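Data first, discussion second: the structure below is written as structure tokens.
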Amino acid sequence: MRREVATPRELETFFARPAATVAPQLLGSTVGCNGVTVRLTEVEAYAGVDDPASHASRGPTPRAAVMFGPPGRVYVYFVYGAHWAVNLVCHPDGVAGAVLLRAGEIIAGEASARLRRGERPARVQLARGPGNLASALGVTGAMTGSTLWDGPLVWAPASRPGEHQVGPRVGVTGGADAPMRMWLPGEPSVSTYKRSKRARPTT
DNA sequence: GCTCCGATTATCT
DNA sequence: GATAATCGGAGCG
């Protein structure tokens, strides 16, 4: 009988690799929190100090410190005065990097998700976009630094690898050209946003 | 259908 | 004081 749940050590090893390597392997994996489970359909890799779009690019400020710590932790931040965004910390301890969870499909706990997202959104919209995904899962900044095995956020690997597509990043004002955004083709829960008009190439 | 714009606050300079 | 890894609604064609 194959073991179903990876050990903490296995999980930490899994995340102790470059964000760009881990990111595509997160597609199809699941994240659970507050009674809601989501299957990830879109993610985006953020490297460390050399990535102008990463919060780590300005060094280990208080906010970004978690990204410099051990892998397999959660990094949650607040943007645009309105939304939370969830990241999973990658790279070995001491090297910054993370993967932003951009979108997912609700596979369990839709009722719980609607307590926070409301009855209005269509099912595929409940966790479409980073802010909505965090809202559906009830993630808040207080969860920053917690591990993916002790919760409150719990992660489980994909049952099998899937095809994925790669494209430019969304919504960033620097390094937007980097093909660091990855998603599962044909998934209606993938965010449809165009690149920000304020975006500019890396140079 | 597509494009534009305001909301609202933690974080950094 | 300025900025931001967003969202949803308004306006236009």
Side-chain angles (χ1 to χ4, degrees), chain A residues 15 18-20 22-24 26-27 31 38 40-69 71 73-91 96-106 113-145 153 165-183 188-202:
Chain A
F15 283 99
V22 174
L26 295 181
L27 295 170
V31 173
V38 159
L40 298 176
T41 56
E42 183 186 4
V43 298
E44 190 166 319
Y46 284 86
V49 294
D50 292 331
D51 184 349
S54 173
H55 290 166
S57 65
R58 284 175 198 156
T61 61
R63 175 176 66 166
V66 179
M67 278 203 286
F68 290 80
R73 268 65 172 179
V74 182
Y75 168 47
V76 184
Y77 66 90
F78 198 66
V79 269
Y80 294 106
H83 309 284
W84 295 103
V86 190
N87 300 255
L88 308 185
V89 176
C90 296
H91 300 259
V99 177
L100 169 67
L101 309 185
R102 292 197 56 88
E105 170 196 11
I106 307 273
R114 286 196 181 280
L115 291 178
R116 292 178 284 269
R117 296 281 291 115
E119 297 299 322
R120 179 110 37 180
R123 184 183 161 78
V124 297
Q125 294 177 350
L126 286 175
R128 181 164 83 179
N132 291 334
L133 175 65
S135 173
L137 290 171
V139 174
T140 69
M143 296 178 187
T144 288
L153 224 78
Q165 294 186 344
V166 181
R169 297 200 276 211
V170 176
V172 298
T173 54
D177 285 350
M180 294 289 207
R181 175 172 160 255
M182 301 152 200
W183 66 93
S189 57
V190 173
S191 46
T192 56
Y193 298 92
K194 299 286 191 279
R195 176 199 301 210
S196 164
K197 275 175 288 302
R198 299 176 60 190
R200 49 186 158 72
T202 315

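Values in this document were obtained by computation on a predicted structure and should not be read as measured data. Reminder, nothing fancy here: chain letters follow the sequence lines and each chain counts from 1.
- Between the side chain of A:Arg117 and the backbone N or O of A:Leu126, at least one donor-acceptor pair lies under 3.5 Å.
- Distance A:Leu88 CG to C:dA5 C1': 14 Å, rounded to the nearest Å.
- Stem list for DNA chain B (at least 3 consecutive Watson-Crick or G-U pairs, distances under 3.5 Å): B:1-7 with C:6-12, B:9-12 with C:1-4.
- For the pair A:Asn87 CG and B:dA10 P, the computed distance is 18 Å after rounding to whole Å.
- Put simply, A:Tyr46 rests on the base of C:dA5: the two rings are less than 5.5 Å apart at their centres and nearly parallel, under 30°.
- Remark: A:Arg169 qualifies as a cation-pi partner of A:Tyr46 under the 6.0 Å distance and 45° angle criteria applied to the six-membered ring.
- A donor-acceptor pair is defined here as one N or O able to donate and one able to accept, closer than 3.5 Å; such a pair exists between the side chain of A:His91 and the backbone of A:Ala19.
- Put simply, OH on A:Tyr77 is 14 Å from C1' on C:dT3, counting in whole angstrom units.
- Distance, A:Arg58 CZ to C:dA5 P: 9 Å, rounded to whole Å.
- Residues satisfying the salt bridge (Lys or Arg N to Asp or Glu O under 4.0 Å) criterion with A:Arg63, sequence neighbours excluded, are absent altogether.
- C:dT6 atom C1' lies 15 Å from atom CG of A:Leu101, rounded to whole Å.
- Between A:Phe78 atom CZ and B:dA7 atom C1' the separation is 11 Å, expressed in whole Å.
- Residue A:Arg120 is classed as having no contact, given no heavy-atom separation below 4.0 Å to the nucleic acid.
- The interatomic distance linking A:Tyr80 (OH) with B:dC4 (P) rounds to 16 Å, in whole Å.
- A:His55 is linked by a ring-ring contact (aromatic ring centres under 6.0 Å, His included) to A:Tyr77, counting only residues two or more places apart in sequence or in another chain.
- In A:Arg123, the CZ atom is crowded: over 12 heavy atoms of neighbouring residues, nucleotides or ligands sit closer than 6.0 Å.
- With B:dC12, B:dA10, C:dT6 as the choices, the nucleotide that has an atom nearest any side-chain atom of A:Pro130 turns out to be C:dT6.
- Put simply, the side chain of A:Arg116 never gets that close to the backbone of A:Arg114: no donor and acceptor are under 3.5 Å apart.
- For the pair A:His55 and B:dT11, the criterion of a side-chain N or O lying under 4.0 Å from OP1 or OP2 is not met.
- Taking the side chain of A:Ser54 as heavy atoms from C-beta on, and the options B:dC12, C:dA5, C:dG8, the nearest nucleotide is C:dA5.
- Which of C:dA5, C:dC7, B:dC12 sits closest to the side chain of A:His83 comes down to C:dC7.
- Looking at heavy-atom distances under 4.0 Å, A:Ala53 makes contact with a base.
- Regarding A:Trp84, its CH2 atom lies at a distance of 8 Å from the P atom of B:dA10, rounded to whole Å.
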